[in-house]
Amino acid sequence: MNLASWLRSLGLEQYEAAFRENAIDNAVLPNLTAEDLKDLGVGLVGHRRKLLDAIAALRTDASAEATSADDLPAIDKPPSDVAERRQVTVMFSDLVGSTALSVAMDPEDLRDALRSTGTTMWSPLYLSGLAKIYGELGRIDDARGCIREAITGMETSKEIVFAAEVHRVAGEIALRAPQPNRIQAHAYFRRALTIAREQRAKSWELRAATSLARLLRDEGKRCEARDLLAPVYDWFTQGFDTLDLKEARSLLDALAS
Amino acid sequence: MHSRRDGVSPVDRSVRHAVYFAGQYDRDVNPVAGQFLSRETPQSYVQALRDLMTGPR
């Protein structure tokens, strides 16, 4: 991992020189503490909090990579660019009236209808939605299948705009399994947060933060849950009648009581 | 409509998109929202659409 890029992705590139001068490398970074950050000259509490969250995500990413092959698919990253020249044929296709059809049709039938057009666009989002439904119905294997297909699809199409949401739903599925896997859920939620922040996708960040805050609350870490969710919620200045913001507000109220 | 803070499709990418439109075209850059304008600033998004539809042609 490139430390300078990592700091830039957090909007904290001003600390790059301090990190470099103090020999902070990829081996040391995951073990930095709040005290270390103070020693590095990170004076603002908000900056320390942001760095500590990102460092925690690095640690959980590392632990997620160590999960067994029987678990949900490994968390991926966008592939690196490789120069290549190929002759390609591009076909644009779409399903007319898909929004109306999504109301009228069974989700599985809609998925098949979309597949029949040959389109892959938005498939990761549809599949994550279907995985969520399967999860709520207790059909965990089907839910996992959808997540696998979504991740494979993103690797093929490079359509990464829904990657955060796919990982968040994967975390929810991990919690709904007959034997809930909290460690894996943590890893998926943290990965979703990291992706959302890298992509500056505040709507996905809110969902990921809400899911993780709910998990932290269930583990008795109410303060940590509130500290995670509140700043994400506070970023929003409109849309407070939408479901995601209502759920986040409701959770924050419960955490404050 | 494009967000200045879009982390997937940088805002500069849409600067020259006008050439692809034969009819009325307007480019609106949201200074605040991230990747999904309609989710992150829904009121601004709707207002921008309304302004476009009711504006001069």
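Here is the naming used below: chain letters follow the sequence lines, and residue numbers restart at 1 for every chain. What you see below is based on every heavy atom in this structure, not just the backbone, and it leaves out hydrogens, waters and symmetry mates.
Note that the OG1 atom of A/Thr242 and the CD atom of B/Glu40 stand 11.0 Å from one another [nearest 0.5 Å]. Atom CG of residue A/Asp244 and atom CZ of residue B/Arg39 lie 6.0 Å apart, to the nearest 0.5 angstrom.
Among B/Gln35, B/Arg5, B/Arg4, the one residue that satisfies the side-chain contact (heavy atoms from CB on, under 4.5 Å) test with A/Arg200 is B/Arg5.
Using a 30° and 60° split on the angle between ring planes, A/Phe162 and B/Phe36 fall in the parallel class, below 30°.
For the side chain to side chain donor-acceptor pair (under 3.5 Å) condition, the pairs that include at least one residue of residues 226-239 of chain A, sequence neighbours left out, are A/Gln238-B/Ser44.
Residues satisfying the side-chain contact (heavy atoms from CB on, under 4.5 Å) criterion with B/Ser9, sequence neighbours excluded, are B/His2, B/Asp6, B/Arg13.
Taking each heavy atom of A/Gly239 and B/Pro42 in turn, the nearest pair found is CA-CG, 3.5 Å.
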